[in-house]
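Report on the structure given below.
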Amino acid sequence: MTTRLRPLVRSEWDRWYDRLELAFGGVAEAGEERRLWQDLTDPARSVGVWDGDECVGTAGSFAFRLTVPGGALVPAAGVTMVSVAATHRRRGILTSMMRRQLDDVRALGEPLAVLTASEPDIYGRFGYGTATHQLAVEIDSSRVRVAVPPGAEDVRLRFTDPAEGAQACERIYRDTIGSRPGMLARDEGWERLPLLDPPSGREGASPMQCVLAERDGEAVGYVRFHNKPHWTPEGPEGAVLVRHIDAAEPAVYAALWRFLCEIDLTTSVRSRNRPVDDPLLHLVSDVRRCGVRVRDSLYLRPVEVGAALRARAYQVPVDLVLDVEDAFCPWNTGRWRLSGGPEGAVCERTADAPDLALSVRELGAAYLGGVSLASLAGAGRVRELRAGALARASHAFGSVVAPWLPHGF
């Protein structure tokens, strides 16, 4: 039977989402989690592939605003809920959904598309490059101390119910959005995401706990975490599992980490997702006992090259011609002159001789400043066509702080 791709109808959402769950192992989500994703799904931004009455493919996107170098918030399609039924692999279903989706995103005027990949090698062929990485740590808190800079002595820490503290935590998160490229502005409804606490996501630990950091009665930081007790014949070896941590200033951030590392009956603190240049690395007394690991996180592709490059700022003045290859979105293929600096940029078509040659995938990887064009050139993925252009472009495209995606979607 011939498959058919069409926009999602709200009344079909349950069957559509059931197919997604089956593709990701068939474990049903808790009711609250499922209801959240149903509420956040926009059928107009979602498609399904149907074989008769059976859904065999799913894909959607969220309307986000993504922080880019320079601090601007740029419209971006957050690609999500992508799946193909195991019975219908290798029939072009994923390609057809990606084709339809990028055409739709372009029509909406969103210059960027971003996603998190279940497997790293899936989306490169559609032009997505690895734009951010995330740091995981497992601190041996029985042997590691956290240094606290001046200013922490007047910070008060107190437990609060996660729901009761949600408004303060959300305000602090909003205040930090512009501090790093890659962060997402959360629209209405998304404030429910960090409060999800299904037992299946606790790794056998406690329900989520929340501690607010306050100065002069105002919340200036918070941490949400789980406590996982464990006892051995020698004594307690519990673990603290960090979900989210934010602070308005360095002293508050350090105070929260010191608190986590000094919780009674625990000997380790674990966090799965921090920036790769997290200040924590400079607060701990022994980074070797922090189990540091790095992995890929956010994948990005420019949907409209000109609009995307105009939307961000650059560390130093830049004037170069990029020869871009984009087989999947051919409207981007060709030469683009980028001229700009810290105050902004212009990017237009040109017939001038190119300085660098690269595909849209490499442009997406370098876009947020966390992956250098020079490192991509070292892998043979960017070619320098004019001497000196690579070094200047790498400097211009960089970011003072590493880009970071604070949560998935």
Side-chain angles (χ1 to χ4, degrees), residues 47 59 61 64 66 68-69 74-79 82 92 94-117 120-132 181 296 298-312 314 318 320-340 345-377 379-386 389-390 393-394 396-397 403:
V47 297
S61 72
F64 284 141
L66 180 76
V68 301
V74 178
V79 176
V82 179
L94 178 59
T95 299
S96 70
M97 292 191 296
M98 294 293 99
R99 168 79 280 136
R100 171 65 174 268
Q101 186 175 70
L102 287 171
D103 289 342
D104 289 348
V105 170
R106 187 189 188 203
L108 288 168
E110 295 167 345
L112 304 172
V114 294
L115 57 83
T116 58
D121 64 346
I122 294 176
Y123 293 98
R125 66 185 187 272
F126 304 119
Y128 290 87
T130 311
T132 77
D296 56 301
L298 185 72
Y299 288 70
L300 184 149
R301 84 108 65 215
V303 179
E304 290 279 6
V305 163
L309 293 179
R310 287 193 295 271
R312 57 155 293 178
Y314 298 85
V318 60
L320 74 156
V321 175
L322 301 172
D323 191 359
V324 178
E325 183 274 327
D326 190 348
F328 202 68
C329 296
W331 57 82
N332 287 321
T333 295
R335 297 176 185 178
W336 297 85
R337 177 171 289 279
L338 172 65
S339 301
V346 294
C347 186
E348 305 293 344
R349 290 280 189 182
T350 184
D352 294 344
D355 301 309
L356 298 177
L358 72 172
S359 82
V360 73
R361 181 182 179 188
E362 283 67 56
L363 199 57
Y367 183 79
L368 294 178
V371 176
S372 78
L373 290 166
S375 68
L376 292 167
R381 292 173 55 181
V382 174
R383 290 187 295 120
E384 183 180 50
L385 304 176
R386 179 171 61 87
L390 179 63
S394 294
F397 269 78

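A quick note: this is a predicted structure, and the numbers were derived from the prediction, not measured. Residues take their numbers from the sequence shown, with the count starting at 1.
With rounding to the nearest 0.5 angstrom, the CG atom of Asn332 is 9.5 Å from the CG atom of Leu102. Here the CD1 atom belonging to Ile122 is positioned 7.5 Å from the CG atom belonging to Leu94, to the nearest 0.5 angstrom. Rounding to the nearest 0.5 Å places CG of Leu390 at 8.0 Å from OG of Ser372.
In this structure, Tyr123 has its ring center at least 6.0 angstrom away from the ring center of Tyr299.
In summary, Arg381 and Glu362 engage in a salt bridge, as defined by a charged side-chain N under 4.0 Å from a carboxylate O. Taking the charged nitrogens against the carboxylate oxygens, Asp323 and Arg383 have no contact shorter than 4.0 Å, which rules out a salt bridge.
Between the side chain of Thr132 and the main chain of Leu298, a donor-acceptor pair closer than 3.5 Å is present. Put simply, the side chain of Thr95 never gets that close to the backbone of Gly92: no donor and acceptor are under 3.5 Å apart. Checking side-chain atoms of Glu384 against main-chain N and O of Leu356 turns up no donor-acceptor pair under 3.5 Å. Side chain of Glu348 to main chain of Thr350: no donor-acceptor pair is present (N/O by atom type, distance under 3.5 Å, no hydrogens or angles). The closest donor-acceptor contact from the side chain of Thr130 to the backbone of Ala365 lies at 3.5 Å or more, if one exists at all. The backbone N or O of Asp352 lies less than 3.5 Å from a partner atom in the side chain of Arg335, making a donor-acceptor pair. A donor-acceptor distance shorter than 3.5 angstrom exists from the side chain of Arg310 to the backbone of Cys347, with no hydrogens or angles considered. A donor-acceptor pair under 3.5 Å links the side-chain atoms of Trp331 to the main chain of Val303, judged by distance alone. Checking side-chain atoms of Arg301 against main-chain N and O of Gly124 turns up no donor-acceptor pair under 3.5 Å.
Scanning both residues, Ala345 and Tyr314, for their nearest heavy atoms gives CB-CE1, 3.5 Å. When all heavy atoms of Ala131 and Gly364 are compared, the pair lying nearest together is CB-O, 3.6 Å. Nearest heavy-atom pair, Ser375 versus Val371, reported as atom, atom and distance to 0.1 Å: OG-CG1, 3.9 Å. The shortest heavy-atom contact between Arg312 and Gly369 is NH1-N, 4.3 Å. The two atoms that bring Ala307 and Pro111 nearest to each other are CB-CB, 3.9 Å, heavy atoms only. When all heavy atoms of Val68 and Ala311 are compared, the pair lying nearest together is CG2-O, 3.7 Å.
Between Asp355 and Leu385 there is no side-chain heavy-atom pair separated by less than 4.5 Å. The side-chain heavy atoms of Leu358 and Leu373, taken from C-beta on, include a pair separated by under 4.5 Å. When side chains are defined from C-beta on, Leu309 counts as touching Tyr367, because their heavy atoms get closer than 4.5 Å. Phe126 has its side chain out of reach of Arg99: every pair of non-hydrogen atoms, C-beta onward, lies at least 4.5 Å apart. The closest side-chain heavy-atom distance from Leu66 to Leu112 is below 4.5 Å. Within the 4.5 Å cutoff, the side chain of Phe328 has no heavy atoms near those of the Arg125 side chain. Side-chain atoms of Ser359 and Val324, non-hydrogen and from C-beta on, never get closer than 4.5 Å to each other. Taking the side chain as every heavy atom from C-beta outward, Val360 and Cys329 never approach each other to under 4.5 Å.
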Legend entry - Stepwise side-chain contact (heavy atoms from CB on, under 4.5 Å) check, Tyr128 with Val79: CA-CA 11 Å; Tyr128 290 87; Val79 176; 3.5 Å; yes
Inset, instruction - Decide side-chain contact (heavy atoms from CB on, under 4.5 Å) for Leu338 and Val346; before the verdict, give the C-alpha distance in whole Å, the side-chain angles of both, and the deciding distance to 0.1 Å. - result: CA-CA 6 Å; Leu338 172 65; Val346 294; over 6 Å; no
